[in-house]
2 protein chains.
Amino acid sequence: MVKERVTVVDIARAAGVSKSTVSLVLQGSSLVNEVTRAKVNATIRELGYVYNRSAANLRQSKSKIIGIVVNDLTNSFFAELAVGVDTVVQSAGFVQFLANTSEKIERQREVVASMREHGVSGLIISPARGTEAADLAPLVESGIPVVLVVRDIADAGVSSLTSDNHAGAMAAVRHLIERGHRRIAFLGGFPDTAVFEARMRGYRDALLEAGLDAADGLVIGSAPSRAGGVTAIEQAMMLSERPTAALCFNDAVAFGVCDGLRARRLEPGADFAVIGFDDVIEAKTAVPALTTVSVDPQGMGQRAAELLLKQINAGKAEAESIIGSVRLVVRQSCGAAIERRTREALS
Amino acid sequence: MVKERVTVVDIARAAGVSKSTVSLVLQGSSLVNEVTRAKVNATIRELGYVYNRSAANLRQSKSKIIGIVVNDLTNSFFAELAVGVDTVVQSAGFVQFLANTSEKIERQREVVASMREHGVSGLIISPARGTEAADLAPLVESGIPVVLVVRDIADAGVSSLTSDNHAGAMAAVRHLIERGHRRIAFLGGFPDTAVFEARMRGYRDALLEAGLDAADGLVIGSAPSRAGGVTAIEQAMMLSERPTAALCFNDAVAFGVCDGLRARRLEPGADFAVIGFDDVIEAKTAVPALTTVSVDPQGMGQRAAELLLKQINAGKAEAESIIGSVRLVVRQSCGAAIERRTREALS
DNA sequence: TGACGAATTTGGATCGTTCCAATTATGAAT
DNA sequence: ATTCATAATTGGAACGATCCAAATTCGTCA
């Protein structure tokens, strides 16, 4: 029942060469003769040999693993991010070790420790809420390349890849103002995160720029989820002076806001303008199609992976902070397309 | 710059004990004296020691890794499944190695091979479309415990955990028939999968049972995604005799169908009944809330993980096929709740 | 034929842990 | 003081790959 493990020595014996030669074949060295290589490869297949990475890692004290830890895998933004990372990591001959922290610092500590024990060559982290520079200190001191994505952490001394949340929010609010809206809400998200802070400042700055009042009353936090969007819009509609438009913390919130609007017999787009943030895949196909600030999660994952690989290959690179640009994708949920259609019909 | 790796020997030297004792402490053996243990643990922390799992795995020829491979991580059903697996795997002291195949057989072969090389103790696989028993043969022969989830593969000789797709579909269609619908469509999904087959048979059997015509015309396949749902309902509405209700292949398709309905100024629930399949988190909060057949993805992940752990601990267990039960969750998208409310208002 | 450089091949030594059998310390009982 | 069981500790020998320096083969040219 219990099969004997087939090792390089077994291959060597069966193929009539030394284990060193087999090892050379395994790593595709050009030193070995073509016919020897063929013979070895044949016996490898024949005996059903399985490479033992633990042994190799031990000797080389490095692995071909890169770790990615995300704070919420059930959020499709992060699932897509992970997929983006995977595509480039994979074609560079690494394998991805993906862990989910569910926003829990303690769990994050565990998974990072586990990854270090497995000897990952680098780590891409979308930190859990509340992560501080001190939490990452032992990791960065160890010299393992780390790239932070989505959420940056001040003074952590590692590279990061975030998106230009401030500019994106400003662009969205400017667009709303151009369309004639004056009471614009900012809905959803946890107020104690850097991303919320940046998007909210962008919202506020656009308001100020247009000489509009930027009172706090129209900023309503909530969980950054669909359900959170529902509660946020409900709260917003209780206000004595209701908003006529909203920039949402992310697309999930925006979808929730649309749901909540419909529950009050208001049609998103026509009766109330809503803009999301992220541009997840569903944004395009939803009805009405969601106007949103596109941050391209897959592309972000890819760029993060490229940045990490660069650092791994460079041995030691300076920490660089990249702020990815972002663009407003105007679809239907902000009412623009409908108005255009109306205008065309009139002309 | 390059730090010397701290090993058990360094710890041993610093703590004034032998490396064997340190090893004993590391694995929490009761053989070691309390004060020695404390001393060793102190030096471990002091020197910033990082356990080397590659070395341990090599020696014990086994790892505390379990692998999970899913066919589409951007589908939240599978993301939730993975989260469910993670919770139980983690509390059993294993770490999860998650890979995404994007429905590609070739990629699946690669990730499974990679996992074997890393010496996973077991594997949970949601196979890519078109996977055959032969593809898994080398894996099962190697004696690594494998559990198939979601999609079963005939004669693969491994355990599987699927859900009762046939019964779920029947229950949904029966419900639609009770509500007075006579022209019911089955929308979305790839017709060449076992899951599609089972759900479609359930749909058909319920129709037959009620003496209704089960012609092929109302069965319309598509990609099992939101976008696929949009195209499927469009096709359905082109039919000369339009359906008044639809059972959808999964929730993503159902959401797409709702979108498509709205694009034609039809309100899902009120004007057209739609039922989904899976019960992903958004089903509850969507507007209208989606009536759907609940398969509880997280719970499924948990049960799959438990099944796998049982097999790992048992050494060698018989392959068992578990078919999880499933229940219809009636919400608003099938019109039921609205009618009930109407009835109550009248009474 | 012998010499020489290039192309191939090879035998240890080694990575950091665990396991085993054996040893030493401890303390109670005689 | 001696014996004996128990508790605690310990030195090698693995595990399966890679790496290095050295050895072997080969073809070519003097």
Side-chain angles (χ1 to χ4, degrees), chain A residues 2-41 43-44 47-65 93 114 116-121 142, chain B residues 2-41 43-44 47-65 93 113-114 116-119 121 142:
Chain A
V2 209
K3 286 211 189 157
E4 276 303 303
R5 217 185 207 303
V6 180
T7 78
V8 275
V9 185
D10 300 319
I11 302 292
R13 194 167 16 229
V17 295
S18 79
K19 62 181 164 44
S20 303
T21 305
V22 177
S23 174
L24 254 13
V25 171
L26 251 20
Q27 46 206 304
S29 162
S30 60
L31 287 177
V32 31
N33 184 291
E34 227 15 89
V35 332
T36 318
R37 178 196 309 284
K39 189 171 52 186
V40 170
N41 278 326
T43 30
I44 282 178
L47 300 194
Y49 168 74
V50 175
Y51 187 78
N52 185 332
R53 264 178 215 283
S54 292
N57 292 347
L58 172 58
R59 182 61 233 258
Q60 313 182 297
S61 65
K62 71 166 185 205
S63 77
K64 281 296 223 171
I65 302 178
S114 169
R116 286 185 66 189
E117 293 181 355
H118 281 99
V120 294
S121 302
S142 74
Chain B
V2 209
K3 285 211 189 156
E4 278 301 303
R5 216 185 207 305
V6 180
T7 77
V8 276
V9 184
D10 300 318
I11 302 292
R13 195 168 15 232
V17 294
S18 80
K19 62 181 165 46
S20 303
T21 304
V22 177
S23 174
L24 255 12
V25 171
L26 250 20
Q27 44 206 306
S29 162
S30 60
L31 286 177
V32 30
N33 185 291
E34 228 14 271
V35 333
T36 318
R37 178 196 310 283
K39 189 171 52 184
V40 170
N41 277 326
T43 30
I44 282 179
L47 300 194
Y49 167 74
V50 175
Y51 186 77
N52 184 332
R53 262 178 216 282
S54 292
N57 291 346
L58 172 57
R59 183 60 233 254
Q60 332 187 102
S61 65
K62 69 163 186 211
S63 76
K64 282 295 226 172
I65 302 177
S114 170
R116 287 185 66 188
E117 292 180 356
H118 280 98
S121 301
S142 74

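In what follows, chains are A, B, ... by sequence order, proteins preceding strands, each numbered from 1.
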For the student: nearest non-hydrogen atoms of A:Asp10 and A:Leu47, plus distance: O-CD1, 4.2 Å

Is there a side-chain contact between A:Thr21 and the phosphate of C:dT10, meaning an N or O under 4.0 Å from OP1 or OP2? yes

Remember a base hit wins even if backbone is also touched, and classify A:Val9 as base, sugar-phosphate or nothing at under 4.0 Å, heavy atoms. nothing

Whole angstroms only, please: what is the CZ-P distance between A:Arg59 and C:dA13? 13 Å

When we call it a touch if two heavy atoms are under 4.0 Å apart, what does B:Thr7 touch: a base, just sugar-phosphate, or nothing? sugar-phosphate

When the distance from CG of B:Asp10 to P of C:dC15 is rounded to whole Å, what number comes out? 11 Å

A:Glu117 atom CD is separated from C:dG16 atom C1', nearest whole Å, by 13 Å

B:Leu24 versus B:Val40: any side-chain heavy-atom pair under 4.5 Å? no

Distance-minimising heavy-atom pair for B:Ser54 and A:Leu58: CB-N, 4.0 Å

Checking B:Arg37 side chain against B:Ser29 main chain: does a donor-acceptor pair fall under 3.5 Å? yes

In Å and rounded to the nearest 0.5 Å, what is the OG to CG distance from A:Ser121 to A:Asn57? 8.5 Å

Heavy-atom closest pair, residues A:Tyr49 and A:Val6: CD1-O, 3.3 Å

After noting the C-alpha distance and the side-chain angles of A:Thr21 and A:Ser18, does the key distance pass the side chain to side chain donor-acceptor pair (under 3.5 Å) rule? CA-CA 5 Å; A:Thr21 305; A:Ser18 79; 3.3 Å; yes

Can you find a heavy atom in the side chain of B:Asn52 that is under 4.5 Å from one in the side chain of B:Thr7? no

At 10 degrees resolution, what angle do the end axes of the helix from C:dT1-D:dA30 to C:dT30-D:dA1 form when each is taken over five base pairs? 60°

Please list, by residue number, the residues of residues 26-40 of chain A whose heavy atoms come closer than 4.0 Å to an atom of DNA chain D; answer none if no residue qualifies. A:Gln27

Please report the distance, rounded to the nearest Å, between CD in B:Gln60 and C1' in C:dC19. 9 Å

C:dG11 base to A:Ser18 side chain: any donor-acceptor pair below 3.5 Å? no

Walking along DNA chain D from 5' to 3', note the first and the last nucleotide with an atom under 4.0 Å from a heavy atom of chain A, and give both. D:dG16 to D:dC19

Kindly give the heavy-atom pair with the smallest separation between A:Ile65 and B:His118, and that separation in Å. CD1-NE2, 3.5 Å

Which part of the nucleic acid, if any, lies within reach of A:Val17 when heavy atoms closer than 4.0 Å are counted: base, sugar-phosphate only, or nothing? sugar-phosphate

Locate the shortest heavy-atom distance separating A:Ala12 from A:Lys19; write the atom from each residue and the value. CB-N, 3.6 Å

A:Ser63 versus A:Gly119, closest heavy-atom pair with distance: OG-O, 2.6 Å

Atom CG of A:Leu24 to atom P of C:dA7: distance rounded to whole Å? 15 Å

Residue closer to the 5' end of DNA chain D, B:Lys19 versus A:Ser23 (nearest nucleotide): B:Lys19

